[in-house]
Visitor: 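The structure that follows is given in the form of structure tokens.
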Amino acid sequence: MSLSRASFTEVLYRVEQQRRALVSDALLPRDLNLTQWIALNALAKAGASTMTELALACAMDRTSLTRTIDSLVARGLVDRSTPPRDRRTVLVEASPAGRRLADDVMAQLGALEDQWLEIFDPATLDRLVDDLERLLARLSPPARRTALGK
């Protein structure tokens, strides 16, 4: 039996909602919420970023992201700076403590993801990831597609 387009959307939504709930549960002992984790992880991977770059990488609006970054700065997990040549720009980056926390959380979440995805053989998983990346590129607005190189 093949899925209809409506049930594909429903299944994809339900998978993502369940994944978010499980990730959120895993983040609780580290006093992180999902939004904080997404921002911290993006900074740990990318290094110093402007708020605009980070908002794009996290798919968040800048207002919400600013509040999230403020909370991470207050905890010493993110450093905020202003380049001397452009005082209008704000750069944010994971602090050493933030990078250590991100590494620890990534290891924990990687182990969880391995458990979730063990139902797929490697070839099927590779194909699924490739297909979902193609779908994401198609769903992205045209300007974003160009930025993604699609």
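As the structure is a prediction and not an experimental result, all values here were calculated from the model.
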Visitor: Please examine the side chains of T50 and L91, heavy atoms only from C-beta on, and report whether any two atoms are closer than 4.5 Å.
Guide: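 SC-SC contact between L91 and T50 confirmed.
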Visitor: Working to the nearest 0.5 angstrom, can you tell me the gap between R14 CZ and E16 CD?
Guide: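 Answer for the CZ-CD pair, R14 versus E16, is 13.5 Å.
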Visitor: Applying side-chain hydrogen bond (donor to acceptor under 3.5 Å, both in side chains), run through Q36 and S71 and close with a yes or a no.
Guide: CA-CA 8 Å; Q36 291 168 329; S71 69; 2.9 Å; yes
Visitor: Is it true that a side-chain atom of R99 and a backbone atom of A94 form a donor plus acceptor pair closer than 3.5 Å?
Guide: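 Flag set: sc R99 to bb A94 pair under 3.5 Å.
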Visitor: Side-chain contact test, heavy atoms from C-beta onward, threshold under 4.5 Å: evaluate it for Q18 versus W116 and give yes or no.
Guide: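 Of all side-chain heavy-atom pairs linking W116 with Q18, none is under 4.5 Å.
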Visitor: How long is the straight-line distance from CG of L135 back to CZ of F8, given to the nearest 0.5 Å?
Guide: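 One finds 5.5 Å between CZ of F8 and CG of L135.
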Visitor: Are R30 and Q108 packed together at the side-chain level, in the sense that at least one heavy-atom pair is separated by less than 4.5 angstrom?
Guide: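 Sidechains of Q108 and R30: in contact.
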Visitor: So how far is it from I69 CD1 to D79 CG, rounded to the nearest 0.5 Å?
Guide: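 I69 atom CD1 to D79 atom CG measures 10.5 Å (nearest 0.5 Å).
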Visitor: With a 3.5 Å distance limit and no angle check, can you tell me whether R75 reaches the backbone of D31 through a side-chain donor-acceptor pair?
Guide: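 Pair found, side chain donor or acceptor close to backbone of D31.
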Visitor: On a heavy-atom basis, which atom in A97 and which in G76 lie closest, and how many Å separate them?
Guide: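 Minimum heavy-atom separation between A97 and G76: CB-O, 4.0 Å.
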Visitor: Do S64 and T35 make a side-chain contact, defined as non-hydrogen atoms from C-beta onward lying under 4.5 Å apart?
Guide: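 No - every pair of side-chain heavy atoms lies 4.5 Å or more apart.
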Visitor: Between the side chains of R127 and D131, is the shortest nitrogen-to-carboxylate-oxygen separation below 4.0 Å, so that they form an ion pair?
Guide: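 Yes.
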Visitor: Determine the minimum heavy-atom distance between C58 and A39, stating which atoms define it.
Guide: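 That would be SG-CA, 3.8 Å.
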Visitor: Can you name the closest pair of heavy atoms from L27 and N33 and give their distance?
Guide: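 Looks like CD1-O, 3.8 Å.
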Visitor: First locate atom CD of E93, then atom CG of L43, and finally report the distance between them rounded to the nearest 0.5 Å.
Guide: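 Output value for this atom pair is 8.5 Å.
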Visitor: With the side chain counted from C-beta on, respond yes when N41 and V105 share a heavy-atom pair under 4.5 Å apart, and no when they do not.
Guide: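 A side-chain contact is absent here, since even the closest heavy-atom pair is not under 4.5 Å.
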Visitor: Are L112 and L109 close enough that some pair of their side-chain heavy atoms sits under 4.5 Å apart?
Guide: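 In short, these two side chains touch, coming nearer than 4.5 Å.
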Visitor: As an exercise, state the distance from CH2 of W37 to CG of L101, rounded to the nearest 0.5 Å.
Guide: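 Answer for the CH2-CG pair, W37 versus L101, is 7.0 Å.
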Visitor: Would you mind reporting whether F120 and D126 have side-chain heavy atoms less than 4.5 Å apart?
Guide: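 No - every pair of side-chain heavy atoms lies 4.5 Å or more apart.
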Visitor: Any chance you could measure D114, atom CG, to E118, atom CD, to the nearest 0.5 Å?
Guide: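 Answer rounded to 0.5 Å: 8.5 Å.
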Visitor: How close do L72 and L32 get, counting heavy atoms only, and between which atoms?
Guide: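 That would be CD2-CD2, 4.0 Å.
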Visitor: Are the side chain of S7 and the backbone of E10 linked by a donor-acceptor contact shorter than 3.5 Å?
Guide: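 The answer is no, because no donor-acceptor pair under 3.5 Å joins these two groups.
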Visitor: Between L56, L54, T52, which is the residue that forms a side chain to side chain contact (heavy atoms under 4.5 Å, CB included) with R62?
Guide: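 Result for side chain to side chain contact (heavy atoms under 4.5 Å, CB included) with R62: T52.
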Visitor: Please report the shortest heavy-atom distance between L34 and R20, naming the atom on each side.
Guide: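 Taking L34 first and R20 second, the nearest heavy atoms are CD2-NH1, 3.2 Å.
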Visitor: Does one hydrophobic cluster hold both L28 and V23, with members joined at side-chain heavy-atom distances below 4.5 Å?
Guide: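 Not linked; separate clusters.
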Visitor: Hydrophobic cluster membership, with links at side-chain heavy-atom distances under 4.5 Å among I/L/V/M/F/W/Y: are I119 and L117 in one?
Guide: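 Yes: a chain of side-chain contacts under 4.5 Å links I119 to L117.
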Visitor: For S49 and G47, indicate whether the former's side chain and the latter's backbone hold a donor-acceptor pair under 3.5 Å.
Guide: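 Flag set: sc S49 to bb G47 pair under 3.5 Å.
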Visitor: Of all the heavy-atom pairs spanning M60 and L65, show the shortest one and how long it is.
Guide: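 What the structure gives for the nearest pair is SD-CD1, 3.8 Å.
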Visitor: Just so I know, are the side chains of M51 and T89 near enough to count as touching, which here means a heavy-atom distance under 4.5 Å?
Guide: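 No; the side chains remain at least 4.5 Å from each other.
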